[in-house]
Participant: 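Mind having a look at this structure? Questions to follow.
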Protein chains: 2
Amino acid sequence: MAHRTISEEQLLDRALELFRVHGFEGVSLSRLSEAIGLEKASLYHRYPGGKDQIVLAAVARVAQWFGEHVFALLKTDDSPRRRVALVAEQLRVFYRDGTQPCVTDVLSISGGSEELAATLKIALQAWLKAFGEIARESGLSSSVSRLRAEEAIVRIEGSLVLARVLGDTKPFQRVLKLLPGLLTVA
Amino acid sequence: MAHRTISEEQLLDRALELFRVHGFEGVSLSRLSEAIGLEKASLYHRYPGGKDQIVLAAVARVAQWFGEHVFALLKTDDSPRRRVALVAEQLRVFYRDGTQPCVTDVLSISGGSEELAATLKIALQAWLKAFGEIARESGLSSSVSRLRAEEAIVRIEGSLVLARVLGDTKPFQRVLKLLPGLLTVA
DNA sequence: GTCTATATTAAGATAGAC
DNA sequence: GTCTATCTTAATATAGAC
């Protein structure tokens, strides 16, 4: 293989593409090496912890993306309803209209490290918190806000499962449309 | 290893326990052999197609269970609402109060055969159809029934994902409670 | 029908040249 | 920092005895 170079960001994006579709156990270092364009030894040089470390870095990048594109949007000075609508647009991008699986779903299936499981849990809790806060701000009670946040994420996750199994993204698109009504008062 | 014997049913139940938690790629023949109590060569004797064939047989058994415990219940002469309540109880059993993952979710993650993917799709479509029919029978319009069936399954799948990631089964329990209201007219 | 034993391939991981 | 080469372990799969 020719002597190639690749940025940290590109490397992790390509790794994530594999992990979110095939899961932790479904991705080997050989496949990563091929997709990324670096030999296995080069991957070990950058990530001495191997696959465990690579997947953690990829998930951290997703968390960063969510921070910038989702959570940040929820704290602008638009109306709550408008902010949620903008968030729905970002989610549509992240999940490519429902054609890409949820990272949290796929990577939470057994096989990865304890640290990976803990990281995914924290990421999902942050998402729940952000959705709960916007609902609260829109005027819903604290307990209802929490329930709405859970319901929203339940329906996003569930619709992505249906999309994967059935090849039908309509339920996902529907959830995104309903999101403003679900997370804010009418 | 001592010369052991095991029924087809027990074998597949033990295989399913592994597959629904660890996914197709996460289960090796060695692990299957250990969990089932038969040597790998014995598994190949019963299932010459190896892991692919074993997982298909395990999924077929799940489909049979759903036929007997879920779909059959939907065709008794109880009231639609009562029938859905009984189905919810069966789902609580199958998912062990939300502590066990959805087979369709976990096994639909890439790695298995095309036939497995097709089988899971058919199983999920049958479930949608059954839920749609009970909703229709309860008096909802055809189009609303379809939407309610999709919403019910979306929320079951999504709440099981949350349960796995967060270790919190409350959203799942809540969906089961809401199921009669979701699938039948009040 | 299950076992022991083994073949073959792919996985994770490291050493050392450039 | 990336490469080639290699090690070790575990995976799928088969042969043949009992």
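Hydrogens, waters and symmetry mates are skipped; everything else that's a heavy atom, side chains included, is used. Each chain gets a letter, A, B and so on, in the order its sequence line appears, and its residues count up from 1.
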Participant: Would you kindly give the NZ-to-C1' distance between Lys40(A) and dA15(C), to the nearest whole Å?
Facilitator: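 Between C1' of dA15(C) and NZ of Lys40(A): 14 Å.
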Participant: Could you pull out the closest heavy-atom pair between Ala149(A) and Gly132(A), with the gap in Å?
Facilitator: CB-N, 3.5 Å
Participant: Taking side-chain hydrogen bond (donor to acceptor under 3.5 Å, both in side chains) as the definition, give me every residue that meets it alongside Glu115(B), ordered by chain and number, with sequence neighbours left out.
Facilitator: none
Participant: With a sphere of 6.0 Å drawn around CD of Glu34(A), does it hold more than 12 non-hydrogen atoms of other residues, nucleotides or ligands?
Facilitator: no
Participant: Determine which pairs satisfy ring-ring contact (aromatic ring centres under 6.0 Å, His included) with at least one residue from residues 150-177 of chain A, sequence neighbours left out, and list them in order.
Facilitator: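 Found Tyr95(A)-Phe172(A).
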Participant: For the side-chain contact (heavy atoms from CB on, under 4.5 Å) test, which of Val161(A), Val154(A), Ile153(A) pairs with Glu157(A)?
Facilitator: Ile153(A)
Participant: Between Ser42(B) and dC3(C), is there a contact of a side-chain N or O with OP1 or OP2 at under 4.0 Å?
Facilitator: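 For Ser42(B), the contact criterion (side-chain N or O under 4.0 Å from OP1 or OP2 of dC3(C)) is met.
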Participant: Per the side-chain contact (heavy atoms from CB on, under 4.5 Å) rule, which among Leu179(A), Leu73(A), Asp78(A) passes with Val84(A)?
Facilitator: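 Per the side-chain contact (heavy atoms from CB on, under 4.5 Å) rule, the option paired with Val84(A) is Leu179(A), out of Leu179(A), Leu73(A), Asp78(A).
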Participant: Can you tell me how far C1' of dT6(D) sits from CD of Glu39(A), to the nearest Å?
Facilitator: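 The answer, rounded to whole Å, is 13 Å.
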Participant: Does a sphere of radius 6.0 Å around CD in Glu9(B) hold more than 12 heavy atoms from other residues, nucleotides or ligands, not counting ones at 6.0 Å or beyond?
Facilitator: yes
Participant: 5'-most contact on DNA chain C: Gly37(B) or Arg31(A), nearest heavy atom basis?
Facilitator: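 Comparing both residues, the 5'-ward one is Gly37(B).
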Participant: Using heavy atoms and a sub-4.0 Å distance, could you list which residues of residues 4-15 of chain B are near DNA chain D? By number, please.
Facilitator: none
Participant: On the ring face of Phe94(A), is Arg20(A) found with NZ or CZ under 6.0 Å from the centre and within 45° of the axis?
Facilitator: yes
Participant: Looking at every heavy atom in both Glu150(A) and Asp168(B), which two are closest together, and how far apart are they?
Facilitator: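 In terms of heavy atoms, the two residues are closest at OE2-OD2, 4.5 Å.
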Participant: Considering only dG12(C), dA13(D), dG1(D), which nucleotide approaches the side chain of His3(A) most closely?
Facilitator: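 Minimum distance to the His3(A) side chain belongs to dG1(D).
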Participant: Taking the side chain of Leu38(B) as its heavy atoms from C-beta onward, which of dC3(C), dT12(D), dT14(C) lies nearest to it?
Facilitator: dC3(C)
Participant: Between Leu29(B) (CG) and dT8(C) (C1'), how many Å, whole number?
Facilitator: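 Atom CG in Leu29(B) sits about 15 Å away from atom C1' in dT8(C).
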Participant: Which residues in residues 45-53 of chain A have at least one heavy atom lying under 4.0 Å from any atom of DNA chain D?
Facilitator: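 Here the set is His45(A), Arg46(A).
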Participant: What is the distance, rounded to the nearest whole Å, between atom CD1 of Ile54(B) and atom C1' of dA11(D)?
Facilitator: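 Atom-to-atom, Ile54(B) to dA11(D), this comes out as 14 Å.
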Participant: dA11(D) P sits how many Å from Leu43(B) CG, rounded?
Facilitator: 14 Å
Participant: Between Arg83(A), Arg81(A), Arg82(A), which is the residue that forms a side chain to side chain donor-acceptor pair (under 3.5 Å) with Thr184(A)?
Facilitator: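 Exactly one candidate clears the test, Arg81(A).
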Participant: Is Tyr44(B) near enough to dT14(D) that one of its side-chain N or O atoms lies under 4.0 angstrom from OP1 or OP2?
Facilitator: no
Participant: Transitive ILVMFWY cluster of Ile109(B) at side-chain heavy atoms under 4.5 Å: who else is in it?
Facilitator: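 Members besides Ile109(B), by chain and number: Val106(A), Ile109(A), Val106(B).
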Participant: Show each protein N/O and nucleotides 7-10 of chain D N/O combination with a separation under 3.5 Å, one pair to a line.
Facilitator:
none

Participant: Send over the distance from Leu32(A) CG to dA10(C) P, rounded to a whole Å.
Facilitator: 17 Å
